[in-house]
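Remarks on the structure that follows.
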Number of protein chains: 2
Amino acid sequence: MGGNEAGGMSGELTGIADGEAAGTGTLGKAMAVLEAVVMADGPQRFTDILATSGQPRGTLHRLLSHLVEEGLLVQRRDLSYEPGLRMLTLASRSWSGNRFRDVAEPHLRGLHELTGETVHLGILREAEIVYVDKVESRQTVRMSSQIGKASPVYCTGIGKAALSLLPQPELERLVAGMAFHAFTPHTHRSAETLLAEIADIRRDGHAFDREEHEIEIRCVAAPIRVSGSDLTAGISVTGPAYRVSMEQLTAWSGAVRAAAAAIGEEAAIRLGPGRGGP
Amino acid sequence: MGGNEAGGMSGELTGIADGEAAGTGTLGKAMAVLEAVVMADGPQRFTDILATSGQPRGTLHRLLSHLVEEGLLVQRRDLSYEPGLRMLTLASRSWSGNRFRDVAEPHLRGLHELTGETVHLGILREAEIVYVDKVESRQTVRMSSQIGKASPVYCTGIGKAALSLLPQPELERLVAGMAFHAFTPHTHRSAETLLAEIADIRRDGHAFDREEHEIEIRCVAAPIRVSGSDLTAGISVTGPAYRVSMEQLTAWSGAVRAAAAAIGEEAAIRLGPGRGGP
DNA sequence: CTTCTTTGTTCCGATATTTGGAACTCGATT
DNA sequence: AATCGAGTTCCAAATATCGGAACAAAGAAG
């Protein structure tokens with residue numbers, strides 16, 4: 001197959017060249033379509049998806065039918081498509097069965113009690129940070145807006161912290177593929193400045209987000225390394241600029257690093273050897 | 001192709017009997033494997049999955065590779081498989097983008113404040129109820145254990161309530177396929193008793209769970225019908241038997257019915273015509 | 001140390017599935 | 001009536017999947 005694009009006859013079709021093009025065949029296309037629907041804002045009509053996915057009509061139609069039959073999508077009366085319930089069922093298991101989150105949770109709570117601010121746990125996946133848990137002020141948290149969300153690495157505290165753990169070649173590979181969207185005036189805009197900051201982070205053991213992702217929002221983060229696992233993660237304490245000064249964040253950095261270290265060690269033990277307990 | 005079973009020579013091995021045999025081709029198999037891993041308790045080794053999924057070795061291996069490549073599964077150092085982060089990403093969008101849940105939420109809160117007990121929102125999918133939201137006492141709820149979980153219809157308040165809205169033929173189709181597992185001494189054990197109770201529920205407009213799913217747990221539920229949609233759902237107020245008597249539940253039934261009606265109407269308006277708002 | 005298992009990975013011809021352009025249906029619009 | 005747009009169905013050609021069997025690698029037993 002070609003890439004993701006519809007494409008026609010494939011002239012040279014060298015393929016491989018870039019990233020790891022090739023592919024997951026049918027599954028890949030199905031997932032692309034699924035994602036197109038899930039990530040969209042409202043219900044998507046056939047034509048909408050036709051445009052976003054770039055699949056030919058016939059193919060797309062069959063893919064959608066299959067997805068509906070599997071319960072991953074639901075077709076409404078007006079023929080538009082929405083995410084189906086099966087996604088929830090699968091996800092809830094994936095989340096509650098996540099032992100890493102489980103190990104980290106008490107530490108997140110501890111940090112929250114110390115600081116009174118929101119605490120996040122994120123895992124590195126390619127050039128993104130996926131938030132896996134969150135402990136925040138009073139309000140019932142629910143499957144918080146954040147959980148499951150993926151943010152770019154270069155503009156988040158956890159992201160930069162996690163990057164600091166990567167071996168240089170891996171780091172460079174990721175940075176090379178980055179697009180540096182300027183979310184705020186403080187967002188990194190080039191590989192150079194980012195790499196420079198990462199050097200600092202390696203030295204200090206913690207990273208800051210100086211309103212780089214969202215204006216008026218700051219955080220301190222520390223990386224988590226789990227020995228014996230390929231997992232790279234991080235935690236952060238986040239707060240509004242008017243309430244948490246950079247000095248305040250610096251004061252908390254020790255606690256954040258300590259919590260990160262504790263999670264890393266505990267996880268190495270509990271995730272390493274055997275299965276899960278009771 | 002055969003059915004889902006791998007089997008060897010398959011004597012009769014009709015398996016599924018019929019239902020809607022045929023299938024979703026490759027996607028179906030991939031999802032079956034994915035589900036096998038996600039629903040399992042710990043990380044699953046290749047051989048474990050080989051057993052549960054019944055796919056031939058070669059096929060299974062390719063399926064797993066593709067699932068990993070898509071980020072739906074992750075392969076650990078010891079070669080075992082775990083749910084991947086992409087599931088979370090997809091699910092969180094599916095959940096937070098669910099407008100029905102959004103409409104219902106204030107009403108759930110209202111019921112919670114009135115009763116002080118746990119309130120659930122569930123949607124009917126085939127012969128199961130999938131919990132989509134939950135409001136409970138103080139404790140931080142998080143993506144509660146329940147959310148996304150699917151329970152059989154015949155032993156839950158919401159399930160029976162939802163069934164009561166179905167047209168008779170549809171109802172009978174579902175009941176015909178039920179397995180009636182006896183979770184407690186009070187669980188329905190036959191189609192007759194279930195159908196009889198559903199007749200009552202149609203009359204009363206609400207259903208009870210008299211410790212039928214879990215011992216010492218009771219609830220009152222009311223069905224939600226959204227006109228103009230195929231959605232069938234329900235809400236319930238649940239509590240421990242020592243604290244909530246059947247009389248208490250009966251006293252609350254009016255409020256539950258009212259909330260259900262309100263949700264149904266509001267949803268019909270907000271889900272019906274246009275897209276989502278801001 | 002050798003032999004036997006057990007577990008995971010790779011191969012490859014046969015074949016069922018997917019592919020995608022084009023024709024078709026149905027309803028709304030002009 | 002004729003045109004347009006959205007969704008669905010068809011079918012020969014292309015290709016990804018299928019799955020048995022051979023192959024490696026790591027343990028366990030002898």
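In what follows, every chain begins at residue 1, and chains take the letters A, B, ... in the order their sequences are listed.
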About how many Å separate CG of B:L174 and CG of B:L163, when rounded to the nearest 0.5 Å?
6.5 Å

Quick one: does A:R57 reach the base of D:dG7 with a side-chain donor-acceptor pair under 3.5 Å?
yes

By the 4.0 Å heavy-atom rule, please label A:T26 as base, sugar-phosphate, or nothing.
sugar-phosphate

Do we see a donor-acceptor contact under 3.5 Å between the side chains of B:T24 and A:E69?
no

Send over the distance from B:D78 CG to C:dT7 P, rounded to a whole Å.
14 Å

OP1, OP2 of D:dC18 versus side-chain N and O of B:K29: anything below 4.0 Å?
yes

Winner on side-chain proximity to A:R62, out of C:dT9, D:dG7, C:dT19, is C:dT19

Rounding to an integer number of Å, can you tell me how far B:I49 CD1 sits from C:dT7 C1'?
13 Å

For A:L64 and D:dT8, what is the distance between atoms CG and P respectively, to the nearest whole Å?
9 Å

d(CG, A:L27; P, C:dT19) in whole Å
11 Å

Euclidean distance, atom CG of residue B:L79 to atom P of D:dA25 [Å, nearest integer]
14 Å

Please tell me which of the listed nucleotides, C:dT7, D:dG7, D:dG19, lies nearest to the side chain of A:T47?
D:dG7

B:E126 with B:R173: basic N within carboxylate O range, under 4.0 Å
yes

From the candidates C:dT9, C:dG20, D:dG19, the one with an atom nearest any side-chain atom of A:Q55 is C:dG20

Among D:dT8, C:dT9, C:dG20, which nucleotide sits nearest the side chain of A:Q75?
D:dT8

Residue B:R45, side-chain heavy atoms: nucleotide from D:dG19, C:dG8, D:dT8 that is nearest
C:dG8

Take A:E35 and B:R93 through the salt bridge (charged side-chain N to carboxylate O under 4.0 Å, His left out) test and state the conclusion after the steps.
CA-CA 10 Å; A:E35 192 155 278; B:R93 287 285 306 195; over 6 Å; no

Rounding to a whole Å, what distance do you find between B:L60:CG and C:dG8:P?
10 Å

Write down the distance between NE2 (B:H66) and P (C:dT18), rounded to a whole number of angstrom.
14 Å

Taking only the side-chain heavy atoms of A:F46 (C-beta and beyond), determine which of C:dT9, D:dG7, D:dG19 contains the nearest atom.
D:dG7

Between CG of B:L50 and P of C:dT9 the distance, given in whole Å, is 12 Å

The side chain of B:H61 is closest to which nucleotide in this list: D:dG7, C:dT19, C:dT9?
C:dT9

Might you work through the side-chain contact (heavy atoms from CB on, under 4.5 Å) test for B:L60 and B:F46, ending with a clear yes or no?
CA-CA 9 Å; B:L60 180 61; B:F46 183 85; 4.1 Å; yes

